[in-house]
Amino acid sequence: MDKIRELEILAARIRKTILAEMAGTGMGHIGGSMSMADVLAVLYGGVMRINPADPQWNERDRMVVSKGHCGPALYAALAERGFFPQSWIPTVNQPGTRLPSHCDKNRVPGVDMTTGSLGQGMSTALGLAWGLRYQRNNAQVYLILGDGECDEGQVWEGALFASTQKLDNVIAFIDRNEKQLDGYTKDICDVGDLRAKFADFGWYAQEVDGHNMEAMCDAVENAKARTGQPSMIVLHTIKGKDCPFAEGVFYNHHMTMSAEQIEQAQQFLDQKIMRLQEEF
């Protein structure tokens, strides 16, 4: 249980760092960044094989955040693990920054694939997995997709390719927060039962609470034990999770925010961290 508390604390720290990243411009993709903070805490808190001192270590596990507009969440996780200095954090999306608004492998230590054009991360992640297999490299490829992103046909072409090629070195996640840029996914292009769809496409598919650390850890272990097929874990999440000015707001995909809102949200997260530390 102590490990679970550690992961919950890491997730809160990631969320606090996301807010610090957006403070410089007073805007950003807050909703989807916050909803995926917990899975990033699970992955970077012990699941992934990484070396912050050597981001290009050949045996490392790879991460592709296909919903690249939520790069600030990935940057926050990387900063918390020491891939680059915390002093970079306030520069996100500003002139001369090493941390652009979308994931950029050429600028950011620890980013394995540049992303932003939705759907393309599926293809590039599978390309990485295929290449690693032919190199006889046992590294795992982790992929995070948005549920709105699953409107893209490229996602489903990739799903067919991965199952046909039996890419069991792929563990993918869908951040199923049920919202996209301009509304609810069910109203814009209803993707239906994503777990069932990926199972029909030949994936080992699971469905868990994307804010429950223990459930996610168990799901990853189940996926790792599976051979002969890629794995998909559908995460039921809340867009804007643990950000008081964003959680529960209808249009919370990209928001402007005041310094006061950011400070209050960070105080909320500080209090959560303190409560979790007291539970150890």
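- Glu59 has its side chain within reach of Asn137: a pair of non-hydrogen atoms, C-beta onward, lies under 4.5 Å apart.
- You'll find the side chain of Gln264 stays beyond 4.5 Å of the side chain of Pro244, heavy atoms only.
- Under the side chain to side chain donor-acceptor pair (under 3.5 Å) criterion, the residue pairs touching residues 140-165 are Ser66-Glu149, Ser123-Gln154, Asp147-Arg176, Asp151-Gln180, with sequence neighbours excluded.
- The two residues Ala159 and Phe201 have their closest heavy-atom pair at CB-CD2, 3.8 Å.
- Residues meeting the salt bridge (Lys or Arg N to Asp or Glu O under 4.0 Å) test with Asp270, sequence neighbours left out: Lys16.
- In this structure, Cys150 and Lys197 have side chains that are not in contact, with every pair of non-hydrogen atoms separated by 4.5 Å or more.
- When the options Asn177, Asn252, Ile238, Leu19 are evaluated for a side-chain contact (heavy atoms from CB on, under 4.5 Å) with Met34, the one that passes is Leu19.
- Tracing side-chain contacts under 4.5 Å through hydrophobic residues (I, L, V, M, F, W, Y), one reaches Val64 starting from Phe161; they form part of the same cluster.
- Counting only heavy atoms from C-beta outward, the side chains of Asp38 and Met213 approach each other to under 4.5 Å.
- A distance of 4.0 Å separates OG of Ser33 from CE of Met22, quoted to the nearest 0.5 Å.
- When every heavy atom of Phe245 is checked against every heavy atom of Met255, the shortest pair comes out as O-CE, 3.5 Å.
- Residues satisfying the salt bridge (Lys or Arg N to Asp or Glu O under 4.0 Å) criterion with Glu8, sequence neighbours excluded, are Arg5.
- With sequence neighbours excluded, the residues satisfying side-chain contact (heavy atoms from CB on, under 4.5 Å) with Asp187 are Tyr184.
- Here the NE2-SG distance, from His253 to Cys70, works out to 6.5 Å after rounding to the nearest 0.5 Å.
- In the hydrophobic clustering of ILVMFWY residues, with side-chain heavy atoms under 4.5 Å counting as a link, Val191 and Leu235 come out apart.
- The hydrophobic cluster analysis finds Ile188 isolated: no Ile, Leu, Val, Met, Phe, Trp or Tyr side chain comes under 4.5 Å of it, directly or through other members.
- A 4.5 Å side-chain heavy-atom check between His236 and Glu207 finds at least one atom pair inside the cut-off.
- Evaluation of the side chain to side chain donor-acceptor pair (under 3.5 Å) test over residues 43-53, restricted to residues two or more places apart or in two chains, returns none.
- The two residues Pro72 and Ile18 have their closest heavy-atom pair at O-CG1, 3.8 Å.
- At a threshold of 4.5 Å between non-hydrogen side-chain atoms, the residues Pro100 and Val108 count as touching.
- Hydrophobic clustering (side-chain heavy atoms under 4.5 Å, transitive across Ile, Leu, Val, Met, Phe, Trp, Tyr) keeps Leu118 apart from Val65.
- Legend: residues meeting side-chain contact (heavy atoms from CB on, under 4.5 Å) with Ala219, ordered by chain and number and at least two apart, are Gln206, Val208, Ile233.
- Under the side-chain contact (heavy atoms from CB on, under 4.5 Å) criterion, Asp112 pairs with Arg60, Arg62, Met63, not counting sequence neighbours.
- Taking NE2 of His102 as the start and OG of Ser117 as the end, the distance is 8.0 Å to the nearest 0.5 Å.
- For the residue pair Leu7 and Ala41, the shortest heavy atom distance occurs at CD2-O, 3.4 Å.
- Among pairs with a residue in residues 72-100, those fulfilling side chain to side chain donor-acceptor pair (under 3.5 Å) read Arg13-Glu80, Thr17-Glu80, Thr91-Thr97, at least two apart in sequence or across chains.
- In summary, of the residues considered (Leu145, Val220, Thr237, Leu143), a side-chain contact (heavy atoms from CB on, under 4.5 Å) with Phe173 occurs for Val220 alone.
- Among all heavy-atom pairs drawn from Phe83 and Gly110, the shortest one is CD2-CA, 3.7 Å.
- Taken to the nearest 0.5 Å, the NZ atom of Lys239 stands 10.0 Å off from the CZ atom of Phe250.
- Considering all non-hydrogen atoms of both residues, Val111 and Cys103 come closest at CG1-CB, 4.2 Å.
- Taking the side chain as every heavy atom from C-beta outward, Tyr204 and Asp168 never approach each other to under 4.5 Å.
- If you take CD on Glu21 and CD1 on Ile89, they are separated by 4.0 Å, rounding to the nearest 0.5 Å.
- The backbone N or O of Gly32 lies less than 3.5 Å from a partner atom in the side chain of Lys67, making a donor-acceptor pair.
- Taking hydrophobic clusters as Ile, Leu, Val, Met, Phe, Trp and Tyr residues chained together by side-chain heavy-atom distances below 4.5 Å, Met36 shares a cluster with Ile50.
- Annotation: salt bridge (charged side-chain N to carboxylate O under 4.0 Å, His left out) contacts involving residues 120-135, sequence neighbours excluded, are absent.
- Scored by the salt bridge (Lys or Arg N to Asp or Glu O under 4.0 Å) test, Lys272 finds Asp242 as partners (sequence neighbours excluded).
- Both Met216 and Leu43 are members of a single hydrophobic cluster when ILVMFWY side chains are connected at heavy-atom separations under 4.5 Å.
- In terms of modelled atom types and a separation under 3.5 Å, the side chain of Thr124 and the main chain of Gly121 share a donor-acceptor contact.
- Rounded to the nearest 0.5 angstrom, Ile4 CD1 and Cys217 SG are separated by 4.5 Å.
- With sequence neighbours left out, the salt bridge (Lys or Arg N to Asp or Glu O under 4.0 Å) criterion links Arg107 to Asp104.
- Considering only heavy atoms from C-beta on, Val170 stays 4.5 Å or farther from Met122 through its side chain.
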